[in-house]
Structures are given as C-alpha cells and as structure tokens.
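The residues of the chain are indexed from 1 along the displayed sequence. Order of appearance sets the numbers: ligands from 1, and atoms from 1 within every ligand. Below, each value reflects all heavy atoms present in this structure, side chains not excepted, and no hydrogens, waters or symmetry copies.
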Amino acid sequence: MNAFVMPANPRPVSDRTVPAPVLGWALIGREEEELVLEVLRRKALFRYYGPDPASPPPMVSTLERELATMIGTRFALGVTSGSAALEVALGALGVGPGDEVILPAWSWVSCFTAIVRVGGKPVLAEVDRSLCLAPGEITRLRTARTKAALVVHFQGVAADLDALVAEARQAGIALLEDCAESPGASYRGRRVGSFGDIAIFSFQQQKTITSGEGGAVVTNDPRLYERAVRMHDLGQYRDFHARQKPAAEPAFCGSQFRMAELTGAVALAQLRKVDAVRAHCRRLSLRLRAQLADLPGLQARHIPDPEGESGFETYYWVASTEQRDVYRARLKDAKIPCEQMTGTYAQYRRAYVETGLAHAPGATPFPVGGVWPAQGYRAEDFPRTEDLIHRFIVIPVGVWHREDDMDTIAAVIRRTHDELNPK
Ligand SMILES: Cc1ncc(COP(=O)(O)O)c(C=O)c1O
C-alpha cells in the first residue's frame, strides 16, 4: 500500500474563517486521477472482465485486498453503497421474515430500512453516552426470534465492543458492525469491522473516504463471504471468488449490488488516505478538548477506547436544550460550523416508522391494523436516548481545519460557558 502524506496546507479558504468540516473528498488529487485514468485507458469498467482476458480488471479486487488487510479480516467485498452493504450482510446472515434484529434507535435511515428490505423486524434499542448501542440492550431486547444485533460505530468512535460482543455471544446471535462512519477507527488496538461476524463500510460523499457512492462488506467467515457474494451478484458465485474460497453454498436469489471499476479506483486511492485523515482530525480534536476540559458545564461524550477514535466530531452535553441553542447561536454568530456531518435520527420519529409500511402490505414486519406505533416504536419508549439527543453540541473537524481553528472554537465555547454559568 502506498503511504499518503497529508499536504502541509490542504485548505483553500481564507485564513480568517473556520472552514467547513470536509473529509476525504477534499483530498481527491493525483492518486485518484491516476487510477481512474488507468481504468478508462483499459476500457474495462466492469469488475469481472474487460476487453483483455489476460489482464483482469484490478481496481475493485485490489480495493478488497487492501481493505481486508487494513481491517484484519480474511475477506472483503466491494458493493454499490453502505445501504446495499447492509442488505448484503443481513442476507448473508440469513435474516428474513420472522427474524428480529436489534439496532440503536439513534442511527442512520438504512440501519432500519435494510432490515425491513430483507423481511426482518427492526427492534430499537437505547444508546448510551457514547451515542452507540448501550450495553445491556441486547440482553434486554433479545427474544427467541432475535437473529442479530447491528452495532453502529457512531462518527468515528468504536462502540463498547467488549460488552456488546460478550452479550451477543451469550445471546447466541450474530453481530453486524456498521463501520460506515468509522473507517480506520480501532478498539483496543484492532480495527473496527474485525469484531463482529460481518461488518459494512460506506464510501458515500459525506464519509471519511469517498467514491461518491460505494460500500464494502468484510468478514472472517468463509460461509458468510460466499453468501454475501451471492447476495450481491444475483445469487452467482464467480471463479474470482471461488479461487479465494471454493463454492459450497447453494445458489439463491440475490440482488445486483456489484461495484464498478471506476468506483473501485476512487475508493482505492481514498482508502490509502484514511489513516492520514484520521490522524489529522484526531490531533486537532484532542487539542480542542484539552482547552475545554476544565469547564464543569460541559459533559464530554463517553469514548469506550479513546486511543482508537477518529476525532471527526466532538460532542458535549450541556444542561438543557435551551443552553444548547445558546451555544449553537454563539458558534453560528462566529461562523463556526456546528452541525453533525452525517444525518443521524431517532428512528421512531422517521416517517417510515410512523407509518410502519413497507413497499407492499404483505412486506411489513409490523402488524397491520391495531395500534401503531406500537410499544418500542414511540419516543416515550426511549427515555435514555431522548435525554441525550436534544441537549448536545457538536464540533465537527475535517481536513481543512488547523490548530488555530481549534483555539478559535474553544474560545467561543468558553465564552458561552462563562455567559451561561456566571461565577
Ligand atoms: C451508520 C451508517 N450506516 C449506513 C449508511 C449507508 O451508507 P450509504 O449512504 O453509502 O448507503 C450510512 C450513511 O450515511 C451511515 O451513516
């Protein structure tokens, strides 16, 4: 793998403005251009074959090899998006009608919808002060129908994996890690994505590294790998994969979520930059947090393994929603971005949960008729999550930020803290 060195000053904006918190796309340059041009010159845009049978297209396969090496799994599979990766992983695990999957109530849209798309029933769980699935929830919510738990490593921070892995093992269910927002993050020295039975990544534009759209599935389990390949390629299992793991599973009806070579080229160049992005953001976030550590009115996010986090977003809880609004207003007045980088929602407030519908009446896992939203799908069923999600402030950090931006942001937060907590 080629080492990428962060440019001394990747920032194109005015020195006096705290920049937007941009990530991988802002580092698109010569490395991406060269690989994309290579694909075009070969005229081989499809990952499995091109005009020259003697020279198979290399981009997606190289991305898979380098991703598996980085994460520390036996297998990786490129797919069309993180949402597709979730459906592929759930399909590989055999989740279908009658099966339940536990997931954090505070998560991205497709964490919920992918489960419904494969016919399973999403079961919402509380998050804790890490903003990831709370330990204890798998045990509390597990039933005889539970097939898997979906753990989201929310914005660069690994969830409390010691506890969650132990609970899933104890419950006898599979663990699916959603690393869409945390590529490169680690937990106790191991990369996220290598702890569960299977894991997914996203390369959408807003993510740490990007190919516009794109995603990947990783696993150590040969059976899950074969099933994931079949799920993403219309049930087929081509020679390329059979050379890595001989076919042993029956064919079944899959979807078509194959990654294209152009996507693979950009994702590969970006993958080689992920650690540089992470190191930059982490260094700056630590500087910001050090300057705010003595303020009693700010409660920091719990980070189960502080050594392994990425530092893309720093969270503080303040006393009330009203105080949060004052902090946000002061930050905005100072032209400091203070929005979350990735949309994350309380699933029970989304329209698809409020209706409980799937694409056809018979496809919803929820009872048709009767009271809806039922218990487990209403805001009042999630007191811990509700207490957390309306009173935090967030400081996103990206590759255009520098040390002096952290000092500017810290000064505004400190001033606001003193205004709200007079001595
Ligand atoms: C936690 C999480 N999972 C899955 C996805 C889906 O990824 P994509 O947008 O590539 O479909 C996202 C994207 O926002 C995400 O944040």
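At the shortest separation from atom 16 (O) of ligand 1 among protein heavy atoms lies E181 OE2, 2.6 Å. Ranking protein heavy atoms by distance to atom 13 (C) of ligand 1, first place goes to K207 NZ, 2.7 Å. From the protein, the heavy atom lying nearest to atom 12 (C) of ligand 1 is W108 CD1, 3.2 Å. The nearest heavy-atom contact from the protein to atom 3 (N) of ligand 1 is D178 OD2, 2.6 Å.
The proximity of S110 to ligand 1, defined as any non-hydrogen pair under 4.0 Å, is limited to the side chain. With a heavy-atom cut-off of 4.0 Å, S81 touches ligand 1 through backbone and side chain alike. At a heavy-atom distance under 4.0 Å, no atom of Q206 approaches ligand 1.
Using a cutoff of 4.0 Å between basic side-chain nitrogens and carboxylate oxygens, D128 and R384 are not scored as salt-bridged. Between D160 and R129 there is no salt bridge, since no side-chain N of the basic residue sits under 4.0 Å from a carboxylate O of the acidic one. Electrostatic pairing of R47 and E64 counts as a salt bridge here, judged by a charged N lying under 4.0 Å from a carboxylate O.
In terms of N/O distances under 3.5 Å, ligand 1 is not approached by V152. Geometrically, ligand 1 and E213 share no nitrogen or oxygen pair separated by less than 3.5 Å.
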Given F366 and W372, is the ring-ring contact (aromatic ring centres under 6.0 Å, His included) satisfied, shown in steps?
CA-CA 9 Å; F366 305 116; W372 186 261; 4.7 Å; yes
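A perpendicular orientation is assigned to the rings of H232 and Y48, their planes being inclined by more than 60° (bins at 30° and 60°).
Annotation for ligand 1: atoms under 4.0 Å from non-hydrogen atoms of S202 are 7 (O), 8 (P), 10 (O). Every atom of ligand 1 is numbered from 1 in the order shown, and the set under 4.0 Å from a heavy atom of G82 is 6 (C), 7 (O), 8 (P), 10 (O), 11 (O). Short contacts between ligand 1 and Q204, defined as distances under 4.0 Å to a heavy atom of the residue, involve ligand atoms 9 (O), 10 (O). Heavy-atom proximity to S83, at under 4.0 Å, picks out these atoms of ligand 1: 6 (C), 7 (O), 8 (P), 11 (O).
Under the 3.5 Å distance criterion, the side-chain polar atoms of E177 are left unmatched by any main-chain donor or acceptor of C179. Looking only at distances, a side-chain donor or acceptor of E137 sits under 3.5 Å from a matching main-chain atom of E126.
Every heavy atom of H153 sits 4.0 Å or more from the atoms of ligand 1.
Heavy atoms from other residues, nucleotides or ligands lying under 6.0 Å from CD of Q170 number 12 at most.
Judged by distance alone, the side chains of H153 and Y187 never bring a donor and an acceptor atom under 3.5 Å apart.
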